[in-house]
Each structure stands twice: as structure tokens, then as C-alpha cells.
S.K.: 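Structure provided below as C-alpha cells; questions to follow.
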Amino acid sequence: MLDLNRLKALHAVHVYGSVGAAADALMVTPSAVSQQIAKLERETGAKLMERNGRGVRLTDAAGLLAEHAERILALVETAEADFEALRGEVVGRLNAAAFPTAARGLMPAALVALRKRHPDLWVQLHEREPERVVRDVARGELDLGVIQDWLNRPMAIPDGLSRATLLDDIADVAIPAGHPLAGRKEVELAQLHGERWVSGSPGTVCHDWLVFTLRSASIEPVIACMADEYPTQLALVAAGLGCAIVPRLGRDCVPDGVSLVPLRPRQSRRIYAIWRSDAARRPAIRAMVEALADASRTQENAWAVS
């Protein structure tokens, strides 16, 4: 009888490409992964890993077994989802992740509500960038993720994943308080031609979106400062070092010296939850999505009265 945990370890090495990466995904030590695969070798009587320079590689036998393991693990997940749905109880463990501003702006309220409503559900939260969240949910490392994309640059979602829209997060331009456009009712992107910009790091969703959006308005962006957290971006704007486009969920406390002006045309990003379609019957998934939707409505109501 093949041990499920050992198959899971082999499958993780197959998917992530190394023992170290598999250990990170499974949240165990590399030694634990190697031990599981060594036990699987003894069970099967086949060599599954061999040295390859400083690392290791899976043998052909391991590749074949890993393909079977993927189907077995998918069947196990479906069986667990069906059993939970049959009982109708929100129990067990849920691995969830959200990008930084959602982890800060939505997750706390959602997790507190879940704890009150369903005390037998344990949710472990991770903070990850949207692209990694999509990948990890698709691979089964995460049960549910909260991601974002911009309406003028949507993100592709792989087959096999379901999603639910949580909210549209409107973005305003943050400019130094002494700027000639400060205090206006709205500003067009074209009016920001020649400005210096504060942006996220290259390769992040927000950096790539900013460059794409400015170039779509015939503005070649001049990036003066790069910071991934919006509070840091706002501090740099307050210091007069550039302008930034900041979604409302990302601006916890606006420092003195910053003027926030709505953009025309309006810029916004969509925030939504994703999960594997095969797991949609799990009551825990439904409860998590409901809690996130409630937290999103509360946030939207707060914006409406501010």
C-alpha cells in the first residue's frame, strides 16, 4: 500500500523541481522530504531520485509515479470535499493566501468573523503576490486565494479554478500637496505628463500596470522611486519625490503633504477570491468566500461615507 504523504512529497518535487522548493511548498524541512521519498523507494523497490550535479533529479520511474500521484491526490481532495459537503459542517483546515493590501485590508475582518461563526475551522493565512497565489491554488498548495488585477489589464485564470468578485477598488492619483493639480475634483492622466513617479518594483503587478497605463496615455513613465507597500509610496509622495496611483484599499493612513485626486477615466482594480473548482462543495470554502464578501461590503460602505 502506497503511503499518501510519501506520494505527496514525490509529487511536490516533481511539480516544484527540487527537494528544497518542495519542502517550502509543503512547509517541512528538505530532510523530511528526502526521508519520505527514501521510504517510498523501499516501498516500490525502485530508484526514484538520483544525483545530478549538486542537486538531484527524478528518475523515469519517479516521473511515472508522480503522474499517478497527481490523479490520486485529486481524487482524495474530491472525496474530502464530498464528505465535508455531505456533513455540511464548516470544520477542518484551510490554507489561504492574499496579496499584501488584501491581507491587511480584508483578511483580518474576514478571519475574525469566521472564528466567531465557525470555531472548528482553522485558517492559516499566507501573504503572497497574485501570480504566486494563482499558481499555488492551481497546484493544490493553497485551498483559497485572494488576488487582484486591473480592469484594463486582466489576469488569466487557469482552467479548473473558480472565482468570485469581492470588490472594485478605485485608484486615485496621489500628488504632493503643493502641486498645481492638488485639490482638483479630478485629473486626466494626460495632465500628468512629465511627472516623476513612485512605483512598485519591476515585475510586480502594480509596477507593470502603471507602466502599461501611462504608456497607453502616451506618457513615458519616469520612475523616481520604487516601493512595494503603498504606505511607503505615500510617504515618498509627501516628501515631494513623485506621484503615485494608489488604490483605496492600499491607503490606510494618508500622511500630511499628500493630495488624493480622482482620475479620469476612472482607474480601478478588481479583487476576487479563487479556489479549485473540484473543492467548491467544501462548506469551508463557501464560508471563507462569504466572510470575505462581508468584509468587502463593509469596506465599500466605509468608502461611501468617507
Side-chain angles (χ1 to χ4, degrees), residues 24-25 27 94-114 123-158 161-172 174 197-213 225-236 244-254 267-276 279 285 288-300 302-303:
D24 289 341
M27 291 180 286
L94 202 67
N95 273 321
F99 65 96
T101 48
R104 183 173 64 248
L106 294 180
M107 276 297 187
L111 293 178
V112 168
L114 271 178
V123 180
Q124 186 171 57
L125 174 64
H126 310 265
E127 184 180 275
R128 296 178 184 174
E129 289 299 323
E131 298 93 338
R132 185 180 172 189
V133 172
V134 171
R135 183 195 70 191
D136 291 347
V137 171
R139 288 176 171 177
E141 179 184 338
L142 295 170
D143 298 304
L144 181 141
V146 178
I147 64 173
Q148 57 101 353
D149 62 15
W150 293 86
L151 294 185
N152 64 338
R153 200 173 190 189
M155 179 186 296
I157 302 299
L161 296 187
S162 298
R163 64 180 174 181
T165 300
L166 299 175
L167 61 86
D168 285 340
D169 188 11
I170 299 170
D172 303 308
W197 291 93
V198 178
S199 164
S201 302
T204 61
V205 171
C206 292
H207 174 276
D208 294 347
W209 171 82
L210 178 66
V211 171
F212 171 81
T213 300
C225 304
M226 287 178 282
D228 292 330
E229 291 294 327
Y230 286 120
T232 307
Q233 292 188 18
L234 288 171
L236 293 166
I245 297 180
V246 181
R248 293 178 182 178
L249 192 63
R251 58 188 203 217
D252 304 322
C253 183
V254 180
Q267 303 294 324
S268 64
R269 60 181 182 175
R270 182 154 293 162
I271 297 173
Y272 44 95
I274 60 170
W275 61 92
R276 290 183 301 284
I285 295 286
M288 185 78 210
V289 174
E290 289 170 5
L292 285 165
D294 290 344
S296 298
R297 283 191 290 271
T298 298
Q299 183 62 72
E300 288 179 317
W303 290 336

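No hydrogens, no waters, no symmetry mates; every other heavy atom, side chains included, goes into these values. Quick caveat, the model's predicted, so the values are computed rather than measured.
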S.K.: Distance from Ser268 atom OG to Leu151 atom CG, nearest 0.5 Å?
M.R.: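 Going from the OG atom of Ser268 to the CG atom of Leu151 covers 3.5 Å.
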S.K.: Between Arg153 and Asp208, does a side-chain contact (heavy atoms from CB on, under 4.5 Å) hold up when you go through it step by step?
M.R.: CA-CA 10 Å; Arg153 200 173 190 189; Asp208 294 347; 3.6 Å; yes
S.K.: Taking side chain as C-beta onward, heavy atoms only, is Trp150 less than 4.5 Å from Val205?
M.R.: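 Heavy-atom side-chain distance check passes, below 4.5 Å.
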S.K.: Working to the nearest 0.5 Å, report the span between CG of Asn95 and CG of Leu125.
M.R.: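 Here the rounded value is 10.0 Å.
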S.K.: Just checking, is any N or O donor in the side chain of Ser201 or Asp228 under 3.5 Å from an acceptor N or O on the other one?
M.R.: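 A donor-acceptor contact under 3.5 Å links the two side chains.
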S.K.: Nearest 0.5 Å, what's the CG-CG distance between Leu106 and Leu166?
M.R.: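 Result: 7.0 Å between the selected atoms.
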S.K.: Gly250 and Thr101: which non-hydrogen atoms are nearest, and at how many Å?
M.R.: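 Scanning both residues, the minimum pair turns out to be CA-CG2, 3.8 Å.
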S.K.: side-chain contact (heavy atoms from CB on, under 4.5 Å) between Thr165 and Arg270: does it pass, once the steps are laid out?
M.R.: CA-CA 7 Å; Thr165 300; Arg270 182 154 293 162; 3.7 Å; yes
S.K.: Under the side-chain contact (heavy atoms from CB on, under 4.5 Å) rule, collect the residues that match up with Arg251, sequence neighbours excluded.
M.R.: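 If we apply the side-chain contact (heavy atoms from CB on, under 4.5 Å) test to Arg251, skipping adjacent residues, the hits are Asp172, Leu234, Val246, Arg248, Val254, Leu260.
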S.K.: Can you give the donor-acceptor pairs under 3.5 Å from side chains of residues 129-139 to other protein atoms, not counting sequence neighbours?
M.R.:
| from | atom 1 | to | atom 2 | distance (Å) |
| --- | --- | --- | --- | --- |
| Arg132 | NE | Asp136 | OD2 | 3.1 |
| Asp136 | OD2 | Arg128 | NH1 | 2.7 |

S.K.: Can you give me the closest heavy-atom contact between Leu236 and Cys225, atom names plus distance?
M.R.: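 Nearest heavy atoms, Leu236 then Cys225: CD1-CB, 3.8 Å.
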S.K.: Which pair of heavy atoms, one from Ile274 and one from Ile147, lies closest together, and at what distance?
M.R.: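 What the structure gives for the nearest pair is CG2-CD1, 4.0 Å.
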S.K.: Could you grab the distance from atom NE2 of His207 to atom OG of Ser199, nearest 0.5 Å is fine?
M.R.: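 Answer rounded to 0.5 Å: 4.0 Å.
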S.K.: Are any non-hydrogen side-chain atoms of Trp275 and Leu142 less than 4.5 angstrom apart?
M.R.: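 Result no, sub-4.5 Å side-chain heavy-atom pair not found.
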S.K.: Look at the side chain of Arg163 and the backbone N and O of Ile157, then say whether any donor-acceptor pair between them is shorter than 3.5 Å.
M.R.: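 Absent.
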S.K.: Distance check, rounded to the nearest 0.5 Å: Gln233 atom CD versus Trp197 atom CH2?
M.R.: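 Between atom CD of Gln233 and atom CH2 of Trp197 there are 11.0 Å.
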S.K.: If you compare all heavy atoms of Leu249 against all heavy atoms of Ala102, which two are closest, and at what distance to 0.1 Å?
M.R.: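 The pair with the smallest heavy-atom distance is CD2-CA, 4.2 Å.
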S.K.: Any sub-3.5 Å donor-acceptor pair from Asp149's side-chain atoms to Met155's backbone N or O?
M.R.: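 Checking the backbone N and O of Met155 against the side chain of Asp149, a donor-acceptor pair under 3.5 Å is found.
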S.K.: Any salt bridge (charged side-chain N to carboxylate O under 4.0 Å, His left out) pairs touching residues 97-110, not counting sequence neighbours?
M.R.: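 Qualifying pairs, neighbours excluded: Arg104-Glu229, Arg104-Asp252.
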S.K.: Looking at side-chain heavy atoms only, is the closest gap between Cys206 and Phe99 below 4.5 Å?
M.R.: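 They are not in contact (no side-chain heavy atoms under 4.5 Å apart), so the answer is no.
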S.K.: Rounded to the nearest 0.5 Å, what separates atom CG in Asp143 from atom CD in Gln124?
M.R.: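 The distance works out to 10.5 Å.
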S.K.: Answer yes if the side chains of Trp209 and Asn152 hold a donor-acceptor pair under 3.5 Å, and no otherwise.
M.R.: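 Looking only at side-chain atoms, Asn152 and Trp209 do form a donor-acceptor pair, the distance falling under 3.5 Å.
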S.K.: Indicate the atoms forming the closest heavy-atom contact of Pro247 with Asp169, along with that distance.
M.R.: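 Shortest heavy-atom contact: CB-OD2, 3.1 Å.
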S.K.: Using modelled atom types only, decide if a donor and an acceptor are shared between the side chain of Arg297 and the backbone of Leu167 within a distance under 3.5 Å.
M.R.: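 Not confirmed, Arg297 side chain does not pair with Leu167 backbone.
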S.K.: Where is the tightest heavy-atom contact between Ala103 and Ala98, given as atom of each residue plus distance?
M.R.: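 The answer is N-CB, 3.8 Å.
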S.K.: Please determine if Arg269 and Asp168 form a salt bridge, counting it only when a charged side-chain N lies under 4.0 Å from a carboxylate O.
M.R.: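 Looking at Arg269 and Asp168, the cut-off is not met.
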